[in-house]
Enquirer: 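Please see the structure below; I have some questions.
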Amino acid sequence: MQFVFGSYRLDPDRRELIKGSDTIAIGPRVFDLLLYLVQHSERVVSKQELLHAIWGGRIVSESTMTSHLNAVRNAIGDSGSEQRLVRTVARKGFRFIADVRVADGPNRSGTPGQYLTDPNALPAPALNIPRRPSIAVLPFPNLSADPEQEYFADGVVEDIIAALSRLGWLFVIARNSSFTYKGRAVDVTQVGRELGVRYVLEGSVRKAADRVRITGQLIDANTGLTVWAERFEGPLNDVFQVQDEMVASVVGATVPQLERAEIERAHRKPTESLDAYDYYLRGMAKFHKGSREAVEQALPLFHKATELDPDYAVGYGMAAWCHVWRKLNGWMIDRAQEAAEGARLAHRAIELGKQDAVALARGGHALGHFGGDLDGCIALLDRALVLNPNLLAAWYLSGFQRITRGEPKDAIERFAKGIRLSPLDPEMPRMQTGTALAHMLAGSYDLASLWASKALRELPSFVLAAGIVAASEALAGRKSEAAHAIRNLRQLDPTLRISNLHDWVQLRRPNDLELLADGLRRAGLPE
């Protein structure tokens, strides 16, 4: 099927804009924007609708929206001043006003080439899958013996939809559309086509006596294959508290699985087809490995993402965090230059991502490492948690900032919240290391060594974890274990000394820095 207007043909299947015998070069997002306007030419399309359909719900600047609309107009011989084909409707949105017909195939009435602007013969436009990951959460059947518990099952689903909708990178179908499938046996691949989503989350709720059980499974709507499945169970005390806890568990487990599935999808795409988000996903896959080589490969991928989309706040945030990781592991070559670059990237992430929880979390934490005001950076992480209370990165990075401010008990609670949200997350070694550092500063040296050793088993190159093991073993009086740990630490970072600890770990309280120095000194780290 092709859409024809004037001398132009728009082919969604081949993703081509054709004039006569010439194919007009057009960027992938500009193509999506033009196609969406053409498919919905019978009405005005709001800016908010375009943000969800084309940018996956991510907030973009006015200049980005304008530049893409100008690119659409330029591609089809229109302009902002003439607006012969694409009209801006003040304070309402945009409308494609040219006559459009469907060619090379019958429409619903079986008549080829019928005009789309004929309201009596208008076919329902096909829903494009957004470029960003997209999901529909279907109603969870109530499997309890008591049909009166239906409200609880519906409430859980509504809260899951609300929580997922806080993620700026995820396009989430609204509750009213998802609930049209309530009480129906459905084919998830059909749901995916009808709602225009890549993933479907379905499950069930069962309450019995004083316990509640929720099952959930994430399904790829294109293939019908299960990406992930899990069961959540707990005591039923305060019904609203239990509902909140269950929702947090489901969302916390679902989001990392979505990211993993998207990373796999990006790896399957040919390089010439990658967009900014694909490069970001490939960068995350490298970043999660945590090694020096992997992070060096991740950084240019994040830079490529921001090159393709200069307003991509999360791309800047993750690029900044690559420099944080290099700093923590002693991999910086020119410390002053890298610190300045890390600060620049962090500022950019914060500037562009005022409503993006991930950008604020990564950028705010990175800025604290590169000279930013600690209390101001903590406020950015707190803002991220207001925007998304289930954001793992915001919980554990705010834990590190509480350590810096001298609040280890608060930090331990924040790391525990992150671990509970996503117990199989690739960021686990960082959460374990933060927990270890907090326990060490609180005087629990055995727990500190235990948590840091767990982190090292998963990520042997993590210098901070190695340092905590060495210091904790020494502070606990275990000289042999401390000597072994300090040898490992010095192999990982031969440049680390007592005299440069203040450049390595951010600790505001002098007593905290002195405790770490005392432990490492006893273990054998040179002055």
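Residue numbers count from 1 along this sequence. As the structure is a computational prediction, the values presented were derived from the model and not from experiment.
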Enquirer: What are the two closest non-hydrogen atoms of T88 and Q83, and how far apart are they?
Expert: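 Looks like N-OE1, 2.9 Å.
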Enquirer: Could you tell me if the side chain of V197 sits less than 4.5 Å from the side chain of I135, heavy atoms only?
Expert: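 With C-beta onward as the side chain, the pair stays apart.
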Enquirer: Inspect the surroundings of CZ in R43 and state if more than 12 heavy atoms from other residues, nucleotides or ligands are less than 6.0 Å away.
Expert: yes
Enquirer: Determine whether the side chains of E194 and Y181 contain a donor N or O and an acceptor N or O closer than 3.5 Å.
Expert: yes
Enquirer: Donor-acceptor check, side chain of Y316 to backbone of P310, threshold 3.5 angstrom: yes or no?
Expert: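 A pair under 3.5 Å: yes.
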Enquirer: Apply side chain to side chain donor-acceptor pair (under 3.5 Å) to S79 and R73, showing your working.
Expert: CA-CA 5 Å; S79 68; R73 287 177 171 133; over 6 Å; no
Enquirer: Taking the side chain as everything from C-beta on, heavy atoms only, tell me whether H369 gets closer than 4.5 Å to L328.
Expert: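 Touching, per the 4.5 Å side-chain cut-off.
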Enquirer: Hey, what do you get for CG (L367) to CG (D373), rounding to the nearest 0.5 Å?
Expert: 9.0 Å
Enquirer: Do you know which two heavy atoms are closest between N329 and F462, and how far apart they sit?
Expert: OD1-CA, 3.4 Å
Enquirer: So how far is it from C322 SG to Q297 CD, rounded to the nearest 0.5 Å?
Expert: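 Rounded to the nearest 0.5 Å, the SG-CD separation comes to 11.0 Å.
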Enquirer: Mind checking whether Y280 and F302 have parallel, tilted or perpendicular rings, split at 30° and 60°?
Expert: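 Aromatic pair Y280/F302 classed tilted.
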Enquirer: I'd like to know if the side chain of Q190 reaches the main chain of D187, judged simply by a donor and an acceptor atom lying under 3.5 Å from each other, with no hydrogens or angles considered.
Expert: no
Enquirer: Enter the distance from K304:NZ to R282:CZ here, rounded to the nearest 0.5 Å.
Expert: 12.0 Å
Enquirer: Does Q337 offer a backbone N or O that forms a donor-acceptor pair with the side chain of D334 under 3.5 Å?
Expert: yes
Enquirer: Below 4.5 Å, heavy atoms only, C-beta onward: do L360 and L381 meet side chain to side chain?
Expert: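 Sidechains of L381 and L360: no contact.
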Enquirer: Show your working on side chain to side chain contact (heavy atoms under 4.5 Å, CB included) between I18 and I24 and close with a plain yes or no.
Expert: CA-CA 6 Å; I18 304 162; I24 298 173; over 6 Å; no
Enquirer: Would the distance check show the side chain of D78 and the main-chain N or O of V86 forming a donor-acceptor pair, the cut-off being under 3.5 Å?
Expert: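 Judged by distance alone, yes, a pair lies under 3.5 Å.
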Enquirer: Is the shortest side-chain heavy-atom distance between F415 and W395 below 4.5 Å?
Expert: no
Enquirer: Determine whether P141 and K182 make a side-chain contact, defined as any pair of heavy atoms from C-beta on separated by less than 4.5 Å.
Expert: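 No. Closest side-chain heavy atoms not under 4.5 Å.
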Enquirer: Between E427 and K289, does any side-chain N to carboxylate O distance fall below 4.0 Å?
Expert: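 Not counted as a salt bridge, because no side-chain N and carboxylate O are separated by less than 4.0 Å.
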Enquirer: Which value, rounded to the nearest 0.5 Å, describes the distance between F31 atom CZ and I26 atom CD1?
Expert: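 Here the rounded value is 7.0 Å.
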Enquirer: Considering non-hydrogen atoms only, spot the tightest contact between R9 and V4 and give its length.
Expert: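 The answer is CG-CG2, 3.8 Å.
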Enquirer: Quick one: does S134's side chain have a donor or acceptor within less than 3.5 Å of a partner on F171's backbone?
Expert: no
Enquirer: Could you walk me through whether S204 and T215 pass side chain to side chain donor-acceptor pair (under 3.5 Å), step by step?
Expert: CA-CA 5 Å; S204 63; T215 62; 2.7 Å; yes
Enquirer: Are the side chain of R101 and the backbone of F5 linked by a donor-acceptor contact shorter than 3.5 Å?
Expert: no
Enquirer: Return yes when atom NZ of K47 has more than 12 non-hydrogen atoms of other residues, nucleotides or ligands closer than 6.0 Å, and no otherwise.
Expert: yes
Enquirer: Can you name the nearest heavy-atom pair linking V227 to D220, along with the distance?
Expert: CG2-N, 3.9 Å
Enquirer: Looking only at non-hydrogen atoms, find the nearest pair between A276 and D309 and report the distance.
Expert: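 For A276 versus D309, the nearest heavy atoms are CB-CB, 3.7 Å.
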Enquirer: Please round to the nearest 0.5 Å and tell me the distance separating atom CZ of R193 and atom CG of N222.
Expert: 9.5 Å
Enquirer: So that I can tick it off, tell me whether E458 and R430 are bridged by a salt bridge, with the cut-off set at under 4.0 angstrom between side-chain N and carboxylate O.
Expert: no
Enquirer: Donor-acceptor pair, distance only, cut-off 3.5 Å: does the side chain of H40 make one with the backbone of Y36?
Expert: yes
Enquirer: Please report the shortest heavy-atom distance between E202 and F140, naming the atom on each side.
Expert: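 Distance-wise, the nearest heavy atoms are C-CE1, 3.7 Å.
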Enquirer: Verify side chain to side chain contact (heavy atoms under 4.5 Å, CB included) between L387 and R383, making sure each step is shown before the conclusion.
Expert: CA-CA 6 Å; L387 291 171; R383 170 65 178 162; 3.6 Å; yes
Enquirer: Could you walk me through whether Y312 and L352 pass side chain to side chain contact (heavy atoms under 4.5 Å, CB included), step by step?
Expert: CA-CA 7 Å; Y312 198 8; L352 293 171; over 6 Å; no
Enquirer: Would you mind checking if E296 and R326 are paired as a salt bridge, meaning a charged N to carboxylate O distance below 4.0 Å?
Expert: yes
Enquirer: Measure the acute angle between the ring planes of F232 and W228, then classify it against the limits of 30° and 60° as parallel, tilted or perpendicular.
Expert: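 Correct class here is tilted.
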Enquirer: List the steps, then state whether side chain to side chain contact (heavy atoms under 4.5 Å, CB included) holds for V157 with F179.
Expert: CA-CA 9 Å; V157 173; F179 268 68; 3.7 Å; yes
Enquirer: Answer yes or no: is there a donor N or O on one side and an acceptor on the other, between the side chain of W325 and the main chain of H323, under 3.5 Å?
Expert: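 Not at all, since once roles are kept as given, no pair shorter than 3.5 Å links the two residues.
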Enquirer: Are any of the side-chain heavy atoms of V200 and L195 separated by less than 4.5 Å?
Expert: no
Enquirer: Keeping the roles fixed (side chain from E16, backbone from T23), state whether a donor-acceptor pair exists under 3.5 Å.
Expert: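 Not confirmed, E16 side chain does not pair with T23 backbone.
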Enquirer: Given 3.5 Å as the limit, does a donor-acceptor pair link the side chain of R15 with the main chain of P28, or not?
Expert: yes
Enquirer: Please tell me if the side chains of L397 and W321 come closer than 4.5 Å, counting only heavy atoms from C-beta onward.
Expert: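 Touching, per the 4.5 Å side-chain cut-off.
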Enquirer: Determine whether L391 and V358 make a side-chain contact, defined as any pair of heavy atoms from C-beta on separated by less than 4.5 Å.
Expert: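 In short, these two side chains touch, coming nearer than 4.5 Å.
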Enquirer: Taking atom CD1 of I350 and atom CZ of R362, what is their separation to the nearest 0.5 Å?
Expert: 13.5 Å
Enquirer: Have a look at Y8 and tell me which of L34, V38, L17 forms a side chain to side chain contact (heavy atoms under 4.5 Å, CB included) with it.
Expert: L17
Enquirer: Other residues, nucleotides and ligands only: do more than 12 of their heavy atoms fall within 6.0 Å of CZ on R87?
Expert: no
